[in-house]
There are 2 protein chains.
Amino acid sequence: MRGGRRTRKGGSARRRDRVANAPIVHHPTLQRKIPIFEVCNREGVERIHDFAMRVVEQVGCDFADEESLDYWRKTGAEIDAQRVRIGRDELMELLALAPSSYLQHARNPERSIKVGDGHAAVSPSYGAPFVLDLQGERRYATMEDLNNFQKLNHMASTVHVAGGPIVEPVDVPVSHRHLHMAYSGLKYSDKPIMGNVTARSRAEDTMAMMRIVFGEAFASNNCVTSSLVNANSPLIWDETMLDALKVYASNNQAVLCSPFSMAAASTPASSVGTMGVVTAEAVMAIAFGQLVRPGSPMVFGVPAMTVALNTGAPVHGTPDSATVQFLASAMARHYRLPHRSILNVSAQKTPDMQAGYDSMWGMFPSFLSDANWITMAGGMLEGALTVSYSKTVLDFEQLDAFYHFCQGPNFDDIEEIFETVKEIGPGGHFLGCEHTRKSNLFLFPSQNNVTFEQWEAEGRKDSVAVGNELARTRLGKYHMPPMDAALDESLLDFIARREAAIPPASL
Amino acid sequence: MRGGRRTRKGGSARRRDRVANAPIVHHPTLQRKIPIFEVCNREGVERIHDFAMRVVEQVGCDFADEESLDYWRKTGAEIDAQRVRIGRDELMELLALAPSSYLQHARNPERSIKVGDGHAAVSPSYGAPFVLDLQGERRYATMEDLNNFQKLNHMASTVHVAGGPIVEPVDVPVSHRHLHMAYSGLKYSDKPIMGNVTARSRAEDTMAMMRIVFGEAFASNNCVTSSLVNANSPLIWDETMLDALKVYASNNQAVLCSPFSMAAASTPASSVGTMGVVTAEAVMAIAFGQLVRPGSPMVFGVPAMTVALNTGAPVHGTPDSATVQFLASAMARHYRLPHRSILNVSAQKTPDMQAGYDSMWGMFPSFLSDANWITMAGGMLEGALTVSYSKTVLDFEQLDAFYHFCQGPNFDDIEEIFETVKEIGPGGHFLGCEHTRKSNLFLFPSQNNVTFEQWEAEGRKDSVAVGNELARTRLGKYHMPPMDAALDESLLDFIARREAAIPPASL
């Protein structure tokens, strides 16, 4: 029953080589051909909507600066200090101004992405101060690491956004970092990028660089960045995040409005209760964005976490977080908005089996719901404090697998298969037959299927070692996408001017 | 944004202790409260059905012994040597005799299980000759290992079947092994057991032991074992498997009819084509079982695998296998039969991250479809050749998580939560509030959420080490369920008599 194994010396090493040397493929944004999985019915969605509407009407949401409150003063909202309460009808009217999908342009038009209306883009990991490096050592991330991850993301066939703030290059002063992070994304990849949100001036610098790349008029009217703003749950949008939101929305750039929910701490200890609160937060931010610029693209996002009541630590990858992700997807559909999910974060310190399990509790909900902007593409450990090189490249294989899975079962060749079965008959085999030779069954390049003895002879490599080897090989094969020299010079010139203007010691 | 972490020395160790010392909980068979995920629509199901019916009508299926062919001779089937072809109408009439669910009795009535009609039971891993022991060494499995795994399965809250042939105790002669395997399951657990299928006489010995436990009349009319028979795909049922099927079916015992599909080798290189062939195989065996004894319980099973065309090795945990599992579940519903799935097998040699990923490609399809008999509960590596102690206990935590997930979002306390949100308001927190104190959010006991520094101080344990520690602790806490001394003596007496009658050297 377990037959069919063959030992072929070095087979797995050869296969991995082939993978590392394979030409780069860039898959377009995902259009799922399988149904959407729901964890509750229509009535459940209506109840969460009603909960959220009662929150915005009766409890309210804080907008923590006067400029932002001034926007609300143009509406019928009731404003009490920083607290904004608004009737559901007016709120829904504002929300309806946000588009159900948007196109984000990359500097290479072939890498532009559609987000929403059945299209999903996968974006990189985000903001980790540490890396687990190619030797498996944990240390502060550097600019070189960020560049490396941009390269790996660029080469990943199902990661659609390469220019993201994947790790924090701590060897660059905080006040100059955003410039180099944006440049890293633009230089080492030609996929779309994400913008900086840590200060109004940094969001403006990001926009200035986008104008250099795309031209003044184009970058002010077309989406060329998507940026991520988090609420301080429960029910507070702070000045920094609102500043970034205003800069981007006023330029018609996409904003992922993502309440940072930690069930049992910042939101209720309940999937339904968490969803009720974060829905209120998200729709308030999205409606606010429509006050800033009607029609500016906004994404309904919920990075779901739970807090461990015994340690107070946020935990990722639990079944309740998965439920929240499915509910969030349903709510986003209810409001006809694109939905942002979290793929892949573990609190483990090393990419061990538990890290794999934790990640899958994000990946399956991201792909089985119809999430449209899928963040944290690979490698995140330690609750998003660390990105591992090894885990990154293995996670990319999982993304490829989900992309394949989402194509659904193929019925097109069913008659050819029936003829093959008739021909082969009972007791035959399908190895080598014409249909099998055209097989597109998915195999994980880094999955080990050799014998135990062969695995032992090859050095007993676990997936951490396999991943590190693959990451090293892939980095060696990287080719930089072309960038016009004049553009490069303009970007570097802008960075130099801004660096001269911003004291490095400032925060 | 990443706040909330607290260091509390030894917190994770204390938590694991609490888990290891927690009282044993036995969850009833799972009744899912979430929708079923489908990968294709009604038309797809009809097309696979039609494919399978054309296979049984035009290609046929071999039944490899005369006694079995004699059963088919009582029908309108066309028989050509060992090949059986039958019209779809007659086949469907036979199939309709099989019940859509059945009750399997355990020696402790509280552990009896319902299989089918919305009820799902989880059963242990199966038949591995090797273990990865508590020191992480791979070696041949022994009787002590089998007993240990029976104990761990017995203590697992969401494993409903503990008496399975989890590992092959190679220190017992093959010809006597089935006796000791059945005894191990009966002695160390009071959950339901699986039967031996490796020879007609061994199936009969299993039945004899069941009669000792349950009484002659009861065991011949009520289901007290479920046994697993595999087709030799494509389209052959061999004499050994048919012998076992006949012994069990004639005693009204459940048989899981599971074509052992390896796409690209024993079945077509296509999810749809594989499903067409294995559907033909499964329905032929189930119809055959109804010829043996109308109304005997049968399960439609498909343990999906793919063959790696470069090495010839079977691989587990791919997106195509997941698609096959979802399709199999849809086909089983089409025939109103219980469905058997595979949870959790990896070809990795050690429980690393890839092993976690591989396993999840079985776990999500098992729980998001409505599989009713979910096999391979924990620990299987090396393509089912090895069971790891460490992986076993960590997999059990995943099963608990899926059990929790399948309860769906809870709307019952939504009004209490709204009042809590009103009370706490923007900027507050939910830690310690009354609703949070009643929280039943799921946390993985072995997930690590302490700081990196604390993890380092605690010895940098990865999930392999954590699992081995947990397995050791749990085995130390095991209490044997009571067994009547006279029953125990009768079983041992039967084994002694059979051992005297069967030469140990025989195969």
Side-chain angles (χ1 to χ4, degrees), chain A residues 4-6 11 34-35 37-40 59 62 235-236 264-265 268-273 306 308 311-315 318-320 323 347-357 360 364 401 404-405 408-409 411 417 422 426-427 429-431 436 439 441-443 448-449 452 455 462-463, chain B residues 4-6 11 34-35 37-40 59 62 235-236 264-265 268-273 306 308 311-315 318-320 323 347-357 360 364 401 404-405 408-409 411 417 422 426-427 429-431 436 439 441-443 448-449 452 455 462-463:
Chain A
R5 278 147 198 283
R6 291 179 201 159
I34 53 174
F37 182 67
E38 304 271 13
V39 291
C40 76
V59 182
D62 285 6
L235 300 166
I236 294 181
S270 149
S271 307
V272 169
T306 295
T311 61
V315 294
T318 72
D320 299 301
T323 298
Q348 296 299 104
K349 310 303 175 277
T350 182
D352 56 11
M353 190 176 78
Q354 184 74 43
Y357 282 155
M360 277 297 202
F364 266 96
H404 178 88
F405 179 73
F411 286 86
I417 295 171
K422 250 169 65 176
H429 70 76
F430 295 82
L431 290 164
T436 299
S439 162
L441 293 175
F442 187 92
L443 291 174
N448 186 297
N449 62 48
F452 182 84
W455 176 73
D462 67 6
S463 59
Chain B
R5 278 145 197 283
R6 291 180 202 160
I34 53 175
F37 182 67
E38 303 272 12
V39 291
C40 76
V59 183
D62 286 5
L235 300 164
I236 294 181
S270 148
S271 306
V272 169
T306 296
T311 60
V315 294
T318 74
D320 299 301
T323 298
Q348 297 298 104
K349 310 301 175 276
T350 180
D352 56 12
M353 192 177 75
Q354 185 73 41
Y357 282 157
M360 276 297 201
F364 266 95
H404 179 87
F405 179 73
F411 285 86
I417 295 172
K422 251 170 60 176
H429 70 77
F430 295 81
L431 290 164
T436 299
S439 163
L441 293 175
F442 187 91
L443 292 174
N448 187 298
N449 62 46
F452 182 84
W455 176 72
D462 67 5
S463 60

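In this text, all values refer to a predicted model and were calculated from it rather than measured experimentally. Every chain is numbered from 1 and lettered A, B, ... according to where its sequence line falls, protein lines coming before strand lines.
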Go through A:Val59, A:Asp62, A:Val39, A:Ile236 and name the one with the most non-hydrogen pairs under 4.5 angstrom from chain B. A:Val39
Looking at [atom1] of [X] and [atom2] of [Y], how far apart are the two atoms once the value is rounded to the nearest 0.5 Å?
X: A:Phe452; Y: B:Lys349; atom1: CZ; atom2: NZ; result: 9.0 Å
X: B:Thr318; Y: A:Leu441; atom1: OG1; atom2: CG; result: 7.0 Å
X: B:Met353; Y: A:Met360; atom1: CE; atom2: CE; result: 9.5 Å
X: A:Phe442; Y: B:Ser271; atom1: CZ; atom2: OG; result: 13.0 Å
X: A:Thr350; Y: B:Asp462; atom1: OG1; atom2: CG; result: 6.5 Å

Pick whichever of [options] has the most heavy-atom pairs under 4.5 Å with chain A.
options: B:Asp320, B:Thr436, B:Ile417, B:Leu235; value: B:Asp320
options: B:Ser270, B:Ser463, B:Gly356; value: B:Ser463
options: B:Ala264, B:Ser439, B:Gly273; value: B:Ala264
options: B:Pro351, B:Ala265, B:Ala401; value: B:Ala265
options: B:Val272, B:Thr306, B:Ile34; value: B:Val272

So, B:Glu38 side chain and A:Pro35 main chain: donor-acceptor pair closer than 3.5 Å or not? no
So, the side chain of B:Asn449 versus the backbone of A:Ala313: is there a donor-acceptor pair under 3.5 Å, distance only? no
Search all heavy atoms of B:Phe405 against all heavy atoms of A:Pro319 and return the closest pair with its distance.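 Here B:Phe405 and A:Pro319 meet closest at CD1-O, 3.5 Å.
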Minimum heavy-atom separation for B:Ala308 and A:Leu443, please, with both atom names. CA-CD1, 3.8 Å
Please classify the contact of B:His429 with chain A as side chain, backbone, both or neither, using a heavy-atom distance under 4.5 Å.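 Interface part for B:His429: both.
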Between A:Thr323 and chain B, with a heavy-atom cut-off of 4.5 Å, which part of the residue counts as in contact: side chain, backbone, both or neither?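 For A:Thr323, heavy atoms of backbone and side chain both lie under 4.5 Å from chain B.
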For the residue pair B:Phe364 and A:Phe364, categorise the inter-ring angle as parallel (less than 30°), tilted (30 to 60°) or perpendicular (more than 60°).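 Parallel: the ring planes of B:Phe364 and A:Phe364 meet at under 30°.
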